[in-house]
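Have a look at the structure below, then the notes.
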Amino acid sequence: MRIAYVIAEGRGETDLLLHDVARAARARGLRLCGTVQVNTNCGDDRPCDMDVEVLPDGPVIRISQSLGPGARGCRLDPSALELAVAAAEARLTEGCDLVIINKFGKHEAEGRGFRTLIAEALSRDVPVLVGANRLNAPHLDAFSGGVAEALTPDMARILDWLDHAVPAAHP
């Protein structure tokens, strides 16, 4: 089982890092599936949009609810998340070398969200890289049976893991 996770402290840092990892993996010729967060419209009037790109090449799906002007909170849209999960699962059935999931969050900790996709990828011996936060990292560790590897939020370190997890990444 090859699964690793990244925790970055700053808001959005893990998202940016995983987006760059996906770009580097594509450049290496890897077939990807999963999602990375891309915030396409994050001005002051939209402090909390969560848009995910289904790998390898879209679509982009907004998974946050529109709470209206002046809303300070952010809430996940469960039906939009289901669309993103279904799209990523379809890509897995087409075959891929690496699954990247922008976040192992509350839904995954509760057995929903991308959890089934992650489990299916691991059962197919496809490596999985996910973002996590300190709150949900213990749930990811329990889900993986204690084998999920914590990676520092450093591109070189993650690419090193990738080289070992996906031998095909070597030219």
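Excluded from the calculations below are hydrogen atoms, water molecules and symmetry mates; all remaining heavy atoms, backbone and side chain alike, are included. Along the sequence shown, residues are numbered consecutively beginning with 1.
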(message) Taking side-chain contact (heavy atoms from CB on, under 4.5 Å) as the definition, give me every residue that meets it alongside Arg112, ordered by chain and number, with sequence neighbours left out.
(response)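 Listed in chain order: His107, Glu110.
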
(message) Applying side-chain contact (heavy atoms from CB on, under 4.5 Å), can you list everything that pairs with Pro127, at least two apart in sequence or on another chain?
(response)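 Arg2, Leu98, Trp161, Ala165, Val166.
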
Determine all donor-acceptor pairs shorter than 3.5 Å in which one atom belongs to a side chain in residues 79-91; sequence neighbours excluded.
{"residue": "Ser79", "atom": "OG", "partner": "Asp77", "partner atom": "OD1", "Å": "2.8"}
{"residue": "Arg91", "atom": "NH1", "partner": "Leu55", "partner atom": "O", "Å": "3.2"}
{"residue": "Arg91", "atom": "NH1", "partner": "Asp57", "partner atom": "OD1", "Å": "3.2"}
{"residue": "Arg91", "atom": "NH1", "partner": "Gly58", "partner atom": "O", "Å": "3.4"}
{"residue": "Arg91", "atom": "NH2", "partner": "Gly58", "partner atom": "O", "Å": "2.8"}

(request) Report yes or no: does Glu108 contribute a side-chain atom to a donor-acceptor pair with the main-chain N or O of Gly113 at less than 3.5 Å? (result)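 No.
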
(request) Output yes when a side-chain donor or acceptor of Arg157 lies under 3.5 Å from a complementary backbone atom of Leu151, and no otherwise. (result)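 Such a contact is absent between Arg157 side chain and Leu151 backbone.
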
(message) Tell me every residue that passes side-chain hydrogen bond (donor to acceptor under 3.5 Å, both in side chains) with Arg23, counting only those two or more places apart in sequence or in another chain.
(response)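 His19, Asp20.
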
(request) Quick one: list whatever passes side-chain hydrogen bond (donor to acceptor under 3.5 Å, both in side chains) with Asp141, sequence neighbours left out. (result) none

Which atom names give the shortest non-hydrogen contact between [X] and [Y], and what distance separates them?
X: Leu92; Y: Cys96; value: CD1-SG, 3.6 Å
X: Ile118; Y: Phe143; value: CG2-CE2, 3.5 Å
X: Asn102; Y: Thr35; value: OD1-OG1, 2.7 Å

Any side-chain heavy-atom pair from [X] and [Y] closer than 4.5 angstrom?
X: Arg115; Y: Ile101; answer: no
X: Asn133; Y: Thr14; answer: no
X: Val130; Y: Phe114; answer: no

(message) List the residues meeting salt bridge (Lys or Arg N to Asp or Glu O under 4.0 Å) with Asp154, not counting sequence neighbours, and say none if there are none.
(response)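 Counting only residues at least two positions away or on another chain, Asp154 forms no salt bridge (Lys or Arg N to Asp or Glu O under 4.0 Å).
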
